[in-house]
Amino acid sequence: VTTWKEYDFDLSPVMAVPGDWNTQVHQLFHYEGMVWLRHKFPAAREAGKRQYLYFGASNYLTHVFLNGEHVGDHEGGYTPFNFDVTDLLRDGENTLVVAVDNKRLPERVPTIICDWFNYGGITRDVMLVSVPDAFIRDYFIRLGKDSDDRIDADVQLAGAAAGTAVRIEIPELNVDRTVTAGATGTASASFRVRRLQRWSPADPKLYRVIVSTDRDRVEESIGFRNIRTEGEEIVLNGSPVFLKSISFHEEIPQRMGRAHSEADAVMLLSEAKALGCNMIRLAHYPQNEHIVRLAEKMGLL
């Protein structure tokens with residue numbers, strides 16, 4: 001006979017998010033299975049805006065419910081995902097319920113036999129993101145292949161009509177270009193620049209880059225470089241580079257748990273710099289965006 005028990009979130013323990021459950025609750029240290037979490041938050045619907053629930057990562061299979069409605073699911077413990085919740089948000093209090101399942105299975109990462117700890121929980125930031133109906137979905141701005149003065153740019157719009165103007169600015173290089181998006185929402189440009197300083201571990205130069213339309217605007221810091229191979233050599237900006245690297249997991253030793261904050265990233269990367277590294281390997285999965293952005297600033301490939 002199955003006995004059902006009503007679960008009361010109001011009487012349940014509180015867990016920090018982002019954070020793994022293993023190091024927050026002693027009884028869950030070795031637990032592999034499903035945990036349910038609830039969070040109440042205020043929000044307001046905004047005219048002319050789309051609103052997304054963004055998860056930096058949640059390990060491993062995640063089910064998301066907002067105000068009693070199933071929003072969606074995501075499989076994979078180390079990549080970001082988001083859901084459009086514009087039509088489900090309420091003015092005032094909203095209730096978010098997330099079920100996370102970290103059971104190991106042969107087809108999951110990590111699999112049944114693995115060489116790293118299987119943290120469970122919502123392990124990176126969760127955000128409610130508001131964007132215009134027509135917004136900048138993605139962009140790829142980089143040096144042209146084997147060129148030290150040509151920048152290639154591709155900008156992908158969402159919800160924008162063909163012919164929408166996209167402006168690309170790099171103030172320090174006196175770049176101010178406007179291109180138009182095609183039928184698929186992509187705007188592409190290629191242009192020459194003068195006196196560009198390329199990024200390297202010895203001098204990790206970053207340029208402020210602004211991408212904008214009449215509805216949206218994104219600012220980014222980009223280090224421009226050329227990387228290629230010649231036989232067994234890695235060639236950076238035309239010269240072979242000797243790689244001094246270390247591999248680390250997304251773990252913070254001070255509290256023996258999953259790393260998730262910018263402060264955690266500073267600690268991990270500072271240790272790598274103190275060891276004399278010019279490169280890091282993020283084993284065995286995409287790690288937190290904080291780590292990638294700080295590595296750029298600190299001169300780590």
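The CD atom of E32 sits 11.5 Å away from the CG atom of L28 when rounded to the nearest 0.5 Å. L143 CG to L196 CG: the interatomic distance, rounded to the nearest 0.5 Å, is 5.5 Å. To the nearest 0.5 Å, the span separating CG on N82 from CZ on F55 amounts to 10.0 Å. Between W199 atom CH2 and N237 atom CG the span is 9.0 Å, to the nearest 0.5 Å. Note that the CD1 atom of I222 and the CD1 atom of I141 stand 4.5 Å from one another [nearest 0.5 Å]. A distance of 7.5 Å separates OG1 in T111 from CD1 in I113, rounded to the nearest 0.5 Å.
M127 and L96 fall into different hydrophobic clusters, where Ile, Leu, Val, Met, Phe, Trp and Tyr are joined by side-chain heavy atoms under 4.5 Å apart, directly or via other members. Following chains of ILVMFWY side-chain contacts shorter than 4.5 Å, one cannot reach V241 starting from L300, and the two form parts of different hydrophobic clusters. Following chains of ILVMFWY side-chain contacts shorter than 4.5 Å, one cannot reach M298 starting from F224, and the two form parts of different hydrophobic clusters. Both L66 and F83 belong to a single network of hydrophobic side chains, linked directly or stepwise wherever heavy atoms of I, L, V, M, F, W or Y lie under 4.5 Å apart. Linking Ile, Leu, Val, Met, Phe, Trp and Tyr whenever their side-chain heavy atoms come within less than 4.5 Å leaves W21 and Y60 in two separate clusters.
Side-chain contact between R108 and D101: present, with at least one pair of heavy atoms (C-beta onward) separated by less than 4.5 Å. The closest side-chain heavy-atom distance from P13 to Q24 is not below 4.5 Å. Inter-residue side-chain proximity for V98 and T62 is flagged as met; some heavy-atom pair is nearer than 4.5 Å. Contact check for L301 versus L243: side-chain heavy atoms found under the 4.5 Å cut-off. In this structure the side chain of V64 never reaches within 4.5 angstrom of the side chain of S58, judged on heavy atoms. A heavy-atom distance below 4.5 Å is not found between the side chains of L173 and R194. Side-chain contact check for D264 versus H290: every heavy-atom pair is 4.5 Å or farther apart. For the pair R50 and P132, the minimum side-chain heavy-atom distance is 4.5 Å or more.
Between the side chains of Q287 and Y78, no donor-acceptor pair of N or O atoms lies under 3.5 Å. A donor atom on one side chain and an acceptor atom on the other are found under 3.5 Å apart for Q156 and T186. Defined by atom type and a distance below 3.5 Å, a donor-acceptor pair is missing between the side-chain atoms of S130 and Q51. Checked by atom type, the side-chain pair N59/N102 shows no donor-acceptor distance below 3.5 Å. Neither side chain, E250 nor Y119, offers a donor N or O lying under 3.5 Å from an acceptor on the other. Side-chain contact, S147 with D149: a donor N or O sits under 3.5 Å from an acceptor N or O. A donor atom on one side chain and an acceptor atom on the other are not found under 3.5 Å apart for D20 and T123.
Judged by distance alone, the side chain of D216 and the main-chain N or O of I136 form a donor-acceptor pair under 3.5 Å. A donor-acceptor pair under 3.5 Å is absent between the side-chain atoms of N288 and the main chain of E262, judged by distance alone. Checking side-chain atoms of T164 against main-chain N and O of A160 turns up no donor-acceptor pair under 3.5 Å. Using modelled atom types, one side-chain atom of N22 and one backbone atom of F29 make a donor-acceptor pair closer than 3.5 Å. Between the side chain of N67 and the backbone N or O of L88, at least one donor-acceptor pair lies under 3.5 Å. Not one N or O on the side chain of R281 forms a donor-acceptor pair closer than 3.5 Å with the backbone of S247. Using a distance-only test at 3.5 Å, with no hydrogens or angles considered, a donor-acceptor pair links the side chain of D91 to the main chain of R45.
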Inset, instruction - Could you check E220 against R293 for salt bridge (Lys or Arg N to Asp or Glu O under 4.0 Å), going step by step and ending with a plain yes or no? - result: CA-CA 10 Å; E220 183 64 276; R293 291 186 177 277; 2.6 Å; yes
Inset, instruction - Walk me through it: do T213 and L157 pass the test side chain to side chain contact (heavy atoms under 4.5 Å, CB included)? - result: CA-CA 9 Å; T213 67; L157 305 181; 4.0 Å; yes
Legend entry - Candidate pair V193 and V175, rule side chain to side chain contact (heavy atoms under 4.5 Å, CB included), full reasoning: CA-CA 7 Å; V193 292; V175 169; 3.6 Å; yes
Inset, instruction - Mind running side chain to side chain contact (heavy atoms under 4.5 Å, CB included) on F65 and T95 for me, showing each step along the way? - result: CA-CA 8 Å; F65 305 84; T95 300; over 6 Å; no
Legend entry - Check against side chain to side chain contact (heavy atoms under 4.5 Å, CB included), N226 and R198: CA-CA 8 Å; N226 305 107; R198 288 183 289 184; 2.7 Å; yes
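A salt bridge does not link E271 with K273: none of the charged nitrogens is closer than 4.0 Å to a carboxylate oxygen. Under a 4.0 Å N-O distance rule, the pair D203/K205 does not qualify as a salt bridge. A salt bridge links R142 with D154; the closest basic N to acidic carboxylate O contact falls under 4.0 Å. Checked for salt-bridge contact, R228 and E233 miss the test: no charged N lies under 4.0 Å from a carboxylate O. Look at D8 and R38 and you find no salt bridge, because none of the NZ, NE, NH1 or NH2 atoms lies under 4.0 Å from a carboxylate O. For E219 and R208, the salt-bridge test passes: some basic side-chain N is under 4.0 Å from an acidic carboxylate O. Note on R258 versus E251: no salt bridge recorded, every NZ/NE/NH1/NH2 to OD/OE distance being 4.0 Å or above.
Aromatic ring pairs are classed by plane angle as parallel below 30°, tilted from 30° to 60° and perpendicular above 60°; the pair F135 and Y52 is perpendicular. Ring orientation note: the planes of Y285 and W116 are tilted relative to one another, at an angle of 30° to 60°. The aromatic rings of F9 and Y7 sit perpendicular to each other, their planes meeting at more than 60°, with 30° as the lower class boundary. H249 and H284 have perpendicular rings, their planes meeting at more than 60° on a 0 to 90° scale where under 30° would count as parallel.
Dense packing is recorded around NZ of K49, with more than 12 heavy atoms of other residues, nucleotides or ligands lying under 6.0 Å away. Heavy atoms from other residues, nucleotides or ligands lying under 6.0 Å from CG of L275 number more than 12.
Of all heavy-atom pairs spanning A43 and L128, the tightest one is CB-CD2, 4.1 Å. Nearest heavy atom pair, residue P286 against residue T79, reads CG-CG2, 4.0 Å. Taking both residues in full, the closest heavy atoms of D176 and R167 are given as OD2-NH2, 2.7 Å, listed atom of the first, atom of the second, then distance. When all heavy atoms of G276 and K244 are compared, the pair lying nearest together is O-CE, 3.6 Å. Closest heavy-atom contact between E296 and L206: OE1-CD2, 4.1 Å. Across G257 and T23, no two heavy atoms sit closer than the pair CA-CG2, 3.9 Å.
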